Amino acid sequence: MDLISEVWVPPKACGYPINFSVPKYDYKSNELLFSGTESYRTFDGILKIIIVFVLPTLAVLLIRELKKTEVSRKKSSVVSTSAKTADSTSKLVIIMTIICICAEGSVGVAYVIEVLLADVPYSSKFINCFKPILLLFVTLNAITHFFVCLGVSTPYSKAVKEFLRYKTRPIATAPNISRTII
């Protein structure tokens, strides 16, 4: 909100002297903050910033459950091949969380700053120069997450194959047809 001042000149019918004027003070709110598109961007930006704080908590809970599963597998199994797999899964979760926080958080901060500094000259032009780069980073992040999970996680790849109804087909063999020449 900004404090603005205007000069109020009364109508002639009021009987004030000809050169009489009084300063009028008022607050002007940021119109972009409450307009349709920008309020959506503000809300989206705030949600992306909230994700930056919630996602690490969820990742820690996931890693904790992975460790519990690893311990229970060690107790029930003679062969200990899951330790290395669980450790690499934990590393994968940590790396993907950090990358997602950087991608989503920077876009969220850019959206909020753009709306808050809408009245500052050239600030929106400056932010709009970087937004396509940040959005490209978010898109690449989403695409790589899919392919990494598809390649690393066997249950994930099975679920995707079932969803897409992709089944490996056996190699077709040619029927044994004998032709007789008459």
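Source: prediction; values computed, not measured. The figures that follow rest on heavy atoms only: side chains count, while hydrogens, waters and symmetry mates do not. Residue numbers run from 1 in the order of the sequence given.
For residues 43-56, the salt bridge (Lys or Arg N to Asp or Glu O under 4.0 Å) pairs, not counting sequence neighbours, are Lys48-Glu104. Each salt bridge (Lys or Arg N to Asp or Glu O under 4.0 Å) pair with one or both residues in residues 129-141, not counting sequence neighbours, appears once here: Glu114-Lys131.
Val52 forms part of a hydrophobic cluster together with Ile51, Leu55, Ile101, judged by ILVMFWY side-chain heavy-atom separations under 4.5 Å. The other residues sharing a hydrophobic cluster with Val9 are Val7, where clustering joins ILVMFWY side chains under 4.5 Å apart.
Residues Ile143 and Ile95 are members of separate hydrophobic clusters, defined by side-chain heavy-atom contacts under 4.5 angstrom among Ile, Leu, Val, Met, Phe, Trp and Tyr. Val109 and Val54 fall within the same hydrophobic cluster, defined by Ile, Leu, Val, Met, Phe, Trp and Tyr side-chain heavy atoms under 4.5 Å apart, directly or through other members. A chain of hydrophobic side-chain contacts below 4.5 Å, direct or via other Ile, Leu, Val, Met, Phe, Trp or Tyr residues, connects Ile127 to Ile46.
Taking Asn141 as the reference, His145 meet the side chain to side chain donor-acceptor pair (under 3.5 Å) condition, with sequence neighbours excluded. By the salt bridge (Lys or Arg N to Asp or Glu O under 4.0 Å) test, Lys68 pairs with Glu65, sequence neighbours left out. For Leu135, the side chain to side chain contact (heavy atoms under 4.5 Å, CB included) criterion is met by Val107, Tyr111, not counting sequence neighbours. By the side chain to side chain contact (heavy atoms under 4.5 Å, CB included) test, Leu136 pairs with Leu140, sequence neighbours left out. Taking Phe137 as the reference, nothing meets the ring pair (Phe, Tyr, Trp, His ring centres under 6.0 Å) condition, with sequence neighbours excluded. With sequence neighbours excluded, no residue satisfies salt bridge (Lys or Arg N to Asp or Glu O under 4.0 Å) with Lys24. Annotation: side chain to side chain contact (heavy atoms under 4.5 Å, CB included) contacts of Phe20 (sequence neighbours excluded): Pro10, Tyr16, Pro17, Val22. When the side chain to side chain contact (heavy atoms under 4.5 Å, CB included) test is applied to Ile18, no partner is found at least two apart in sequence or on another chain.
Here the CG atom belonging to Leu58 is positioned 9.0 Å from the OG1 atom belonging to Thr97, to the nearest 0.5 angstrom. The CG atom of Leu117 sits 11.0 Å away from the CZ atom of Phe126 when rounded to the nearest 0.5 Å.
Nearest heavy-atom pair, Ser106 versus Leu134, reported as atom, atom and distance to 0.1 Å: OG-CD2, 3.6 Å.
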